[in-house]
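Pasting in a structure now, in structure tokens, and then I'll have a few things to ask.
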There are 2 protein chains.
Amino acid sequence: MRLSSLADYAVVMMSAAARHCGGAGRLNATSLAEETGLPLPTVQKLVSKLSSAGLIESQRGTGGGFRLSRPPAAISLADIVEAIEGPIAMTACVDNGAHDCCVEESCRVKPHWNAVNGAVRGALAGVSLASLSAAPALEVQA
Amino acid sequence: MRLSSLADYAVVMMSAAARHCGGAGRLNATSLAEETGLPLPTVQKLVSKLSSAGLIESQRGTGGGFRLSRPPAAISLADIVEAIEGPIAMTACVDNGAHDCCVEESCRVKPHWNAVNGAVRGALAGVSLASLSAAPALEVQA
DNA sequence: TGGCAATCGGATCGAATTGATCCGATTTGA
DNA sequence: TCAAATCGGATCAATTCGATCCGATTGCCA
């Protein structure tokens, strides 16, 4: 019931990238690692995954780097988490249904898991990168 | 972003226990393992944790076993998950604040994590064991 | 009252996933 | 054409998770 560290790092990274989106049109992994304090190989790995997911566009070669492929308001926490961890699924039943969830009590529980899963995804989808950068010390409560 | 398997097993187990709550006043780990199909040592481990959390009351000796310490309506998924996995915290920042979350952008992200965390906990707290047993094929959507 | 049987409780061991590091392929600029 | 700098994939170690085993405790029965 905890987010993986890489997903957390990715959010911090994307948040920093969103702040630099207006100034420098493109930024590289090295400067981002120095700014966030994360190890460079980890940032490189995250950049690779985020690029594969289509959230950022990378440019190779001298003077290359990457930039957000969409405006910060159109990127949510759910997008980032799914890019790093795969589909959001609290239980294996919700994920693909490949398991033998044919036990009677298990199938009885499954619809409720779907509801919980949807609530989690909704909460993540409701927070965008723009809101992360715009609200410095906003007091948000559940 | 996935619930641990043990927590999932615990929910299935407690759901089965809630159904037997009215009939036999007390049931043991062996019969529960046979009914749910889970390995016996795993069930024993779960019983131990749930007993420590105060959700069930165990009785040792011949003819012993355990029973729910509270009515099914007063036990929620949040109780079970917290009993198995510990406090519900999506990120380490939300958990205890022991980490050096003193980076400027991280602290900016934290209030939003609190909101997401509260939403998750609320979704889990809204589902009780009674509702799991009462709704055989209820169509619940997010 | 002593022994026996059945149960829970904690501790140990193995396995899987995660997280960090390294090296090669590719591309641009001089 | 050469060289430098970057991304991309592959490899390796560590932590956590999950399953199993053995001992301590308790209640029934002779």
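Order of the sequence lines sets the chain letters (A, B, ...), proteins ahead of strands, with each chain counted from 1.
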Closer to the 5' end of DNA chain C via nearest nucleotide, is it Arg60(A) or Leu6(A)?
Leu6(A)
Do any side-chain nitrogens or oxygens of Ser58(B) fall under 4.0 Å of OP1 or OP2 in dG9(C)?
yes
Just to be sure I understand the rule, does Thr42(A) reach a base, reach only the sugar-phosphate, or reach nothing, if contact means heavy atoms closer than 4.0 Å?
base
Which part of the nucleic acid does Pro41(B) contact within heavy-atom distance under 4.0 Å: base, sugar-phosphate only, or nothing?
base
Atom-to-atom span, CG of Leu32(B) to P of dA6(C) - whole angstrom:
19 Å
Base, sugar-phosphate, or nothing for Ser52(A), non-hydrogen atoms under 4.0 angstrom?
nothing
Does dA6(C) have OP1 or OP2 under 4.0 Å away from a side-chain N or O of Thr30(B)?
no
Want to settle it: does Gln59(A) or Lys45(A) sit nearer the 5' end of DNA chain D, counting the closest nucleotide to each?
Gln59(A)
Donor-acceptor check, side chain of Ser48(B) to backbone of Gln44(B), threshold 3.5 angstrom: yes or no?
no
Below 4.0 Å: OP1/OP2 of dC8(C) and any side-chain N or O of Ser48(B):
no
side-chain N/O Ser51(B) vs dG9(C) OP1/OP2, d < 4.0 Å:
yes
The nucleotide from dA19(D), dG29(C), dC28(D) with an atom nearest the side chain of Thr62(A) is dG29(C)
Does any donor atom in the side chain of Ser31(B) or Asn28(B) lie under 3.5 Å from an acceptor atom in the other side chain?
yes
With a 4.0 Å cut-off, would you call Glu85(B) and Arg2(A) a salt bridge?
no
Test item: Ser69(B) side-chain N/O and Gly54(B) main-chain N/O as donor-acceptor pair under 3.5 Å
yes
Gap between atoms CG and P, on Asn28(B) and dT26(D) respectively (whole Å):
19 Å
